[in-house]
Number of protein chains: 2
Amino acid sequence: MTRREFGQHCGLARALELVGERWAMLIIRELLVRPCRYTDLIEGLPGIPTNMLSTRLKELEQAGIVERRIASAPQRGVVYAVTEHGRSLEPALIALAVWGNTRLNEQQPTDLVPPSSLVISMRARFNREAAGGMSAVWEIRVPETVLHAVVTDGQLTAGIGPAPSKPDLVVTVPGEVVPTFRNVLEAIAAGKVELTGRRSLAGAFTRVFTPQQQALSVSARTV
Amino acid sequence: MTRREFGQHCGLARALELVGERWAMLIIRELLVRPCRYTDLIEGLPGIPTNMLSTRLKELEQAGIVERRIASAPQRGVVYAVTEHGRSLEPALIALAVWGNTRLNEQQPTDLVPPSSLVISMRARFNREAAGGMSAVWEIRVPETVLHAVVTDGQLTAGIGPAPSKPDLVVTVPGEVVPTFRNVLEAIAAGKVELTGRRSLAGAFTRVFTPQQQALSVSARTV
DNA sequence: CCGAATCCGCAGTGATACTG
DNA sequence: CAGTATCACTGCGGATTCGG
């Protein structure tokens, strides 16, 4: 067993061998939100050593999780993206993020809030039932960052940047709010945001991004 | 930012800070299946250095994920168990294991199959709908290991060891089958197992532990 | 026997500088 | 922009030892 293998025929151990190294999941988080150039990744992962990023990208490419593309016409250069197999990690990554969020309030957020983290939060909290057959385009502006959420026939597309089409509602969050996604929802509820467009879609936003109470997946009582 | 922190206010990063270190998730896997003594953990995690186990247990206890109990009358000594908060990691751990399982068939299983991994597989594959209001007690015997699955009113309790009450059906898997849970299901389907008890519950077992096709949780298309 | 603590060598990591 | 190169550091693996 080479150093990084666990020597167990177990799905969890295998997953950890593939994406359990330091920074790997955070790199995948960035790429699940959007394809990135090398410098985008460095910006989204402050503090990551460049040699580490380079090493991880190679390993993840080797593992078939990440793909290295040579971008064509408009922006030439290298672009990294998740493969289909990498995208299938999203549920697990979201499950981890949801769990970690319950432990996040313990610390005061002197740390920065990465935009990709907000997008993951939106995807994590998306309530399929509440979205029903709805269609709407939101644009969320927090200081330094613009996000969008598009619901089309109950399907969510959430990402970084301005809305791809004219937004039905633009929500501008004031600078004094620490830009957690929960704080954004609170600010909306408290009327502390600026709304431009169909203001009635503010309530819908809150409903669509408030998950229903979910039962624990498995009774795991030990006898 | 101390070495092991990422300096990001992000649920995923926080989760990785708490349980992202080497061996941590595997220790939690063992404890999610049953409370363990120090030596149980060493046995379930072959290759783990004892100092590492000791260190991780302290960290996880510090983080409120694991609890150190002094066992009373029957078996005295120290017993480790997950706290309620640690138990809430199960969905994320299972999601990772499910993903890793898709990458498991690539390698031939010269590695051992930890019993706890089989229990996690059962919990991961449990089909709530198929279980309906059913009640049944199964005991699965693979070489070296005995497992049990109890379904009571559609609720699953799966663990290591013989069934806590008289099993309705005992499934004995022959030694030549590599004891993956999928292989166990295949062996049942192929009639390669020995059945003792209500043989009709063999088909029910397969149905209860075959998950329904699940849609991807979020459309994550980038625009 | 259980539940560790201690020591050492090395691989993985972090920080910075540098280059095609 | 997209990485290498270098080097110090520390977490990890492996073994041994130690106290209840």
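Order of the sequence lines sets the chain letters (A, B, ...), proteins ahead of strands, with each chain counted from 1.
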Practice problem: Could you point out which residue of B:Val98, B:Leu93, B:Leu96, B:Asn101 forms a side chain to side chain contact (heavy atoms under 4.5 Å, CB included) with B:Ile120? | Solution: B:Leu93
Quiz prompt | Result of checking B:Leu169, B:Val170, B:Val171 against B:Pro167 for side chain to side chain contact (heavy atoms under 4.5 Å, CB included) | solution = B:Val170
Practice problem: State the CD-CD distance between A:Glu17 and A:Glu59, to the nearest 0.5 angstrom. | Solution: 12.5 Å
Atom [atom1] of [X] to atom [atom2] of [N]: distance rounded to whole Å?
X: B:Glu21; N: C:dG12; atom1: CD; atom2: P; value: 15 Å
X: B:Phe6; N: C:dT13; atom1: CZ; atom2: C1'; value: 11 Å
X: B:Leu41; N: C:dC2; atom1: CG; atom2: P; value: 12 Å
X: A:Leu45; N: D:dG3; atom1: CG; atom2: P; value: 15 Å
X: B:Glu5; N: D:dG11; atom1: CD; atom2: P; value: 12 Å
X: B:Tyr80; N: C:dG3; atom1: OH; atom2: P; value: 7 Å
X: B:Glu17; N: C:dT13; atom1: CD; atom2: P; value: 16 Å
X: B:Ile42; N: C:dA5; atom1: CD1; atom2: C1'; value: 13 Å

Quiz prompt | B:Thr50: side-chain contact (heavy atoms from CB on, under 4.5 Å) partners, not counting sequence neighbours | solution = B:Tyr38, B:Ile42
Practice problem: Just jot down the side chain to side chain donor-acceptor pair (under 3.5 Å) partners of A:Arg182, sequence neighbours excluded, or say none. | Solution: none
Self-check item: Which residues share a side chain to side chain donor-acceptor pair (under 3.5 Å) with A:Ser117, sequence neighbours left out
Solution: none
Donor-acceptor contacts, no H, no angles, side chain residues 136-146 of chain B, under 3.5 Å, sequence neighbours left out:
from	atom 1	to	atom 2	distance (Å)
B:Trp138	NE1	B:Leu201	O	3.0
B:Glu139	OE1	B:Ala163	N	2.9
B:Glu139	OE2	B:Arg141	NE	2.9
B:Glu139	OE2	B:Arg141	NH2	2.8

Quiz item: Is there a donor-acceptor pair under 3.5 Å between the side chain of B:Asn183 and the backbone N or O of B:Val177?
Solution: no
Quiz item: Bend angle of the helix from C:dC1-D:dG20 to C:dG20-D:dC1 from five-pair axes at both ends, rounded to 10°?
Solution: 30°
Quiz item: In terms of ring plane angle, is the pair B:Phe181 and B:Phe209 parallel, tilted or perpendicular, where the classes change at 30° and 60°?
Solution: perpendicular
Think [X] has a side-chain N or O under 4.0 angstrom from the OP1 or OP2 of [N]?
X: B:Trp23; N: D:dG11; answer: no
X: B:Arg4; N: D:dT10; answer: no
X: B:Arg68; N: C:dA4; answer: yes

Self-check item: Contact residues, residues 50-64 of chain B to DNA chain D [heavy atom, < 4.0 Å]
Solution: B:Thr50, B:Asn51, B:Met52, B:Arg56
Quiz prompt | Which nucleotide in D:dC1, C:dG12, D:dT4 has an atom nearest any side-chain atom of A:Thr39 | solution = D:dC1
Self-check item: Of the listed nucleotides C:dG3, D:dG3, D:dC1, the one nearest the side chain of A:Arg37
Solution: D:dC1
